[in-house]
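For ligands, and for the atoms within them, numbers begin at 1 and follow the listed sequence.
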Amino acid sequence: MTKKIGLYWFTQDLRIDDNPLLQRASQEVDMLICLYCMPDMTRFLTHYTQENQFGAAKLRFLSQSLYDLSESLNALGQRLVVTTEPPLKTLANIIEQYPVTHLYGDYFAGSDERHIWQQLEVAFPSLVMTQDNVHSLYRKADLPFSLASLPATFTQFRKQMEAQPQLPVNIAPPLSGLPKPFDVHIENTIQADDLAQYQEVSDSPPALFDGGEQAGLAHARRYFASSLPQEYKQTRNDLDGMDYSTKLSPWLALGCLSPRTVLARLAEHERQYGANDSTYWISFELLWREYFYWSALKNKTSLFQFAGNKSSAPLTSFYAQRFLQWKRGETPFPIVNACMHQLKQTGYMSNRGRQIVASCLIHELQLDWRYGAAYFETQLVDYDVASNWGNWQYLAGVGADPRGSRRFDLDKQTQQYDANFVFIDRWQGHCTAAQLNSVDMVDWPICHPMSNEESL
Ligand SMILES: Cc1cc2nc3c(=O)[nH]c(=O)nc-3n(C[C@H](O)[C@H](O)[C@H](O)COP(=O)(O)OP(=O)(O)OC[C@H]3O[C@@H](n4cnc5c(N)ncnc54)[C@H](O)[C@@H]3O)c2cc1C
């Protein structure tokens with residue numbers, strides 16, 4: 001009998017625990033290839049961000065996560081192949097050159113991955129291709145509506161999901177082993193030792209997060225064993241520190257942690273400490289993540305379009321200088337600068353901070369929101385296509401917000417969240433020379449009046 005050879009394409013599902021798709025592959029095929037293709041700075045990203053590489057914290061977290069996955073796969077008798085070659089070319093080459101019978105992949109929220117999947121479906125009609133929801137809390141069959149009738153707002157979505165008799169938090173049983181690896185020759189692979197070396201980027205500050213499933217599980221265990229979730233709702237809008245919010249997003253974003261596992265830990269916490277408004281609010285935020293995920297699947301490429309899912313685009317222009325100031329944290333707004341420095345150095349920014357800097361880019365700097373979203377994509381350790389682009393659209397008034405765009409008063413935000421400038425001082429937000437325009441409407445350099453000291 002001919003052997004069944006499977007190819008598992010890892011993307012944002014870098015884990016063994018609660019991975020129903022890997023579970024399925026382990027039952028269906030005799031041999032398996034486990035593949036991950038490193039993300040690259042696409043032309044789109046380079047164009048929108050004027051950057052040519054990802055942030056150091058993001059790369060470190062990713063490589064740690066891949067190293068951890070590779071170790072876990074080894075322990076189950078498997079091997080992870082990591083390549084810098086693009087996914088479509090790599091997948092197509094493997095399927096053409098080797099007797100691959102089955103292909104497995106997550107239900108990707110990203111349109112690039114979905115496009116690749118569709119191209120493979122057309123090119124290899126006899127290949128058995130299986131997708132499952134590894135990244136999300138729900139599976140498609142759990143939704144009480146079809147994707148086409150996904151509610152237009154988060155509140156409607158949440159109400160319908162919460163009205164379900166019981167949240168379907170079925171965690172896949174642990175894997176006891178995996179089919180043997182099938183040997184393939186792939187160009188430009190990265191060895192596990194090199195992934196380990198990636199972890200130490202010499203000139204970057206100490207990392208906030210350790211990548212990988214083991215670190216993610218340990219973090220979730222620690223967080224939910226503490227009393228922190230009891231006051232989450234009161235603290236979640238803080239700007240700095242590790243304890244004011246769950247800090248689960250980096251592991252959730254790369255799929256090192258399953259959202260179902262997080263909900264199970266939350267339920268354990270509630271049994272031990274009691275449920276309150278704050279513990280409920282953690283599941284509320286996870287529902288936001290879920291809403292953005294299903295919206296991305298429904299809205300497809302409009303997630304990246306200027307007008308989003310509206311009929312007309314916002315009125316903006318492009319000011320290269322302003323965008324550069326925003327990225328570098330050199331705007332006239334100290335709180336924005338502090339947040340942007342924090343992002344650059346750590347790969348992380350609080351939810352409040354993200355709302356503040358996005359509002360600044362959209363309203364004060366009057367830039368196209370996609371420049372901001374793309375820059376976040378290159379820097380965030382917890383970058384998630386659906387949550388990132390969905391939140392940006394929401395704030396720009398072209399997404400799922402029934403209220404239209406949201407402008408944050410930056411002075412008020414500073415008074416409310418950093419009245420004593422502790423955060424601004426720590427992240428060096430004061431930028432004395434900052435001004436928005438360096439040239440006037442006919443490109444003539446603007447001379448600002450000299451200060452008293454300079455004029456003496
Ligand atoms: C402009 C902008 C861009 C963003 N980009 C991303 C992104 O790329 N990846 C990402 O995971 N989150 C993104 N968020 C959402 C949110 O800021 C982060 O999830 C949160 O700050 C992560 O920290 P935490 O895990 O401590 O969150 P917590 O406050 O502890 O929340 C728990 C979990 O709920 C989810 N969550 C919380 N808030 C949101 C939200 N607004 N939208 C979607 N999910 C949410 C996350 O999975 C988070 O880990 C963005 C928000 C804004 C305003």
- request: Give the atoms of ligand 1, by number and element, whose distance to some non-hydrogen atom of L252 is under 4.0 Å.
  value: 47 (O), 49 (O)

query: Any N/O of S350 closer than 3.5 Å to an N/O of ligand 1?
result: no

statement: Out of Q355, R236, R354, the nearest non-hydrogen contact to atom 18 (C) of ligand 1 is supplied by R354

- line: Separation between OG (S359) and CZ (R406), nearest 0.5 Å, reads 11.0 Å

query: For A152, what residues pass the side chain to side chain contact (heavy atoms under 4.5 Å, CB included) criterion, not counting sequence neighbours?
result: Q156

- prompt: Any idea which protein heavy atom is nearest atom 21 (O) of ligand 1, and the distance to it?
  reply: N351 N, 3.4 Å

- line: of all protein heavy atoms, closest to atom 41 (N) of ligand 1 is N391 OD1, 3.3 Å

message: Would the distance check show the side chain of N299 and the main-chain N or O of S295 forming a donor-acceptor pair, the cut-off being under 3.5 Å?
response: yes

- request: Using modelled atom types only, decide if a donor and an acceptor are shared between the side chain of D409 and the backbone of K412 within a distance under 3.5 Å.
  value: yes

Result of checking V357, L361, L410, V336 against T331 for side chain to side chain contact (heavy atoms under 4.5 Å, CB included): V336

query: Quick one: does Y232 get within less than 4.0 Å of ligand 1, heavy atoms only?
result: yes

message: Any nitrogen or oxygen of Y348, side chain or backbone, less than 3.5 Å from one on ligand 1?
response: yes

- prompt: Who's the nearest protein heavy-atom neighbour of atom 47 (O) of ligand 1, and how far?
  reply: R289 CD, 3.3 Å

query: Any sub-3.5 Å donor-acceptor pair from Q50's side-chain atoms to H47's backbone N or O?
result: yes

- prompt: To the nearest 0.5 Å, how far apart are CZ in F154 and CZ in F284?
  reply: 4.0 Å

query: Is there a donor-acceptor contact under 3.5 Å from the side chain of N337 to the main chain of G429?
result: yes

message: For the CG atom of L66 and the CG atom of D194, what is their distance to the nearest 0.5 Å?
response: 12.5 Å

statement: Note: I282, heavy atoms under 4.0 Å from ligand 1, region reported as neither

- line: Looking only at protein heavy atoms, what sits closest to atom 27 (O) of ligand 1 is T246 OG1, 4.0 Å

- prompt: Would you say the side-chain atoms of D18 pair up with the backbone N or O of A172, donor to acceptor, closer than 3.5 Å?
  reply: yes

query: Can you find an N or O of L248 that's nearer than 3.5 Å to an N or O of ligand 1?
result: yes

field: Listed partners of K89 passing side chain to side chain contact (heavy atoms under 4.5 Å, CB included), at least two apart
entry: E85, P86, N93, E187

statement: Ranking E285, H219, K247 by closest non-hydrogen atom to atom 39 (C) of ligand 1, top hit is E285

- request: Please state which part of L380 comes within less than 4.0 Å of ligand 1, counting heavy atoms only: side chain, backbone, both or neither.
  value: side chain

field: Per-atom contacts of ligand 1 with F292, taking only distances under 4.0 Å to non-hydrogen atoms
entry: 42 (N), 43 (C)

message: What protein heavy atom lies closest to atom 3 (C) of ligand 1? Include the residue and the distance to one decimal.
response: N388 OD1, 3.5 Å

message: For atom 22 (C) of ligand 1, what's the nearest protein heavy-atom neighbour? Residue, atom name and distance, please.
response: S249 OG, 3.1 Å

task: Report, in ascending order of atom number, the atoms of ligand 1 lying under 4.0 Å from any heavy atom of D384.
output: 7 (C), 8 (O), 9 (N)

- request: Give the residue, atom name and distance (to 0.1 Å) of the protein heavy atom nearest atom 7 (C) of ligand 1.
  value: D382 O, 3.5 Å

- line: Value for CD (Q345) from CH2 (W427), rounded to nearest 0.5 Å, stands at 5.0 Å

- prompt: Please state which protein non-hydrogen atom is closest to atom 26 (O) of ligand 1 and give its distance, to 0.1 Å?
  reply: S245 OG, 2.5 Å

- line: To atom 33 (C) of ligand 1, the nearest of L137, I362, L286 on a heavy-atom basis is L286

